[in-house]
Amino acid sequence: MSNASLICDLARQFYDLGWVTGTGGGICIRDGDHVLIAPSGVQKERMTPDQMFTFSVDGQLLDRPLDPALRPSECTALFMTAIRLRDAGAVIHSHSMHAMIASLLFEREFVISEIEMIKGIEGMSFHDRLVVPIIENTAHECDLAASLEAAIRAYPQTKAVLVRRHGVYVWGRDWVSAKTHAECYDYLFRAAAEMRRLGVSDASFSSQPTDAYARR
Ligand SMILES: [Zn+2]
């Protein structure tokens with residue numbers, strides 16, 4: 001399958017998850033020095049491979065679809081930031097309700113630990129404290145580029161940045177890794193919101209042995 005077909009295929013799956021509804025969200029896949037980017041403002045679950053834009057990794061437009069009405073994704077500058085700074089092979093921008101709600105539960109950083117799905121994030125284990133920076137939203141998506149870059153530089157471990165009242169940007173070394181990360185983060189965002197709603201704290205029923213257990 002070509003990367004253009006793959007973007008269409010993944011967008012259909014992400015649409016079903018509620019990540020790219022209402023024409024929001026997006027995805028890009030890098031192939032060497034080229035980056036394939038979906039168009040802006042289209043029905044993401046109905047995209048076709050001939051609607052993709054091709055950019056160089058330094059942001060030059062190399063190829064565009066024949067349809068003159070199509071414009072490259074509003075996320076282009078943000079995708080390029082993750083590709084440049086993290087050598088990402090794919091970047092997913094999700095408008096998931098779980099990401100949006102998670103961005104309202106924490107002030108500057110989303111934090112969670114001791115949840116199995118943390119292991120799905122490269123380099124993380126069950127007991128690690130997973131931290132995702134939260135940046136403030138702007139009226140126009142392209143204006144997020146500077147704060148996204150600052151967050152990526154300030155959090156060298158992170159594979160995602162939450163955008164308050166908006167969604168999340170997630171990346172990986174290739175599309176499989178980016179998709180895995182996006183699924184695990186989304187699960188963790190949802191888990192945090194559900195735990196908060198149920199009054200369950202991170203520390204409740206900790207896997208660390210209690211004093212009573214340790215004395216036995
Ligand atoms: Zn967005």
Side-chain angles (χ1 to χ4, degrees), residues 6-30 35-47 51-53 55 59 61 65 69-86 88-106 108-110 132-155 158-172 175 178-190 192-193:
L6 186 56
I7 285 180
C8 300
D9 203 49
L10 292 171
R12 277 190 290 276
Q13 290 180 35
F14 297 161
Y15 179 85
D16 290 340
L17 291 170
W19 294 2
V20 295
T21 52
T23 77
I27 176 171
C28 76
I29 295 179
R30 181 165 66 95
V35 183
L36 214 57
I37 291 187
S40 167
V42 301
Q43 302 291 313
K44 292 290 191 295
E45 80 283 18
R46 302 177 68 87
M47 293 190 302
Q51 292 181 318
M52 301 299 141
F53 289 78
F55 284 82
L61 178 63
L70 292 176
R71 291 169 294 111
S73 167
E74 298 272 330
C75 318
T76 300
L78 294 109
F79 286 157
M80 292 305 182
T81 301
I83 288 168
R84 254 188 314 110
L85 297 180
R86 288 300 172 78
V91 188
I92 295 165
H93 174 44
S94 157
H95 280 193
S96 158
M97 177 71 80
H98 306 141
M100 196 282 288
I101 294 289
S103 79
L104 297 171
L105 299 178
F106 298 82
R108 300 183 62 165
E109 299 171 337
F110 170 91
V132 181
I134 304 172
I135 60 174
E136 299 304 326
N137 199 28
T138 53
H140 301 288
E141 192 111 25
C142 55
D143 294 335
L144 289 169
S147 50
L148 184 84
E149 175 163 351
I152 290 176
R153 289 189 189 282
Y155 292 80
T158 195
K159 310 284 191 290
V161 174
L162 277 163
V163 184
R164 183 121 43 220
R165 300 177 182 276
H166 181 159
V168 66
Y169 280 83
V170 183
W171 56 88
W175 73 267
K179 177 175 177 286
T180 304
H181 286 162
E183 288 168 354
C184 292
Y185 279 117
D186 199 69
Y187 176 101
L188 294 164
F189 296 150
R190 183 180 181 183

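Counting convention: from 1, in listed order, for ligands and their atoms alike.
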Exercise. Give, rounded to 10 degrees, the angle between NE2 (H95) and NE2 (H166) as seen from the Zn ion (ligand 1).
Key: 90°
Exercise. Compare all side-chain heavy atoms of L162 with those of Y185 and state whether any distance is below 4.5 angstrom.
Key: no
Practice problem: Any pair with a residue in residues 136-145 that passes salt bridge (Lys or Arg N to Asp or Glu O under 4.0 Å), sequence neighbours left out, goes on the list, sorted by first then second residue, please. | Solution: E136-R164
Quiz item: Is the Zn ion (ligand 1) less than 2.8 Å from an N/O/S atom of E74, whether that atom is in the backbone or a side chain?
Solution: no
Exercise. Have a look at the Zn ion (ligand 1) and estimate, to 10 degrees, the angle subtended by NE2 (H93) and OE2 (E141).
Key: 70°
Quiz item: Within a strict 4.5 Å, meaning less than it, do heavy atoms of the V161 and W171 side chains meet?
Solution: yes
Practice problem: Decide, counting backbone as well as side-chain atoms, whether C75 has an N, O or S atom less than 2.8 Å from the Zn ion (ligand 1). | Solution: no
Quiz item: Hey, are the side chains of H95 and H166 touching, using non-hydrogen atoms and a 4.5 Å cut-off?
Solution: yes
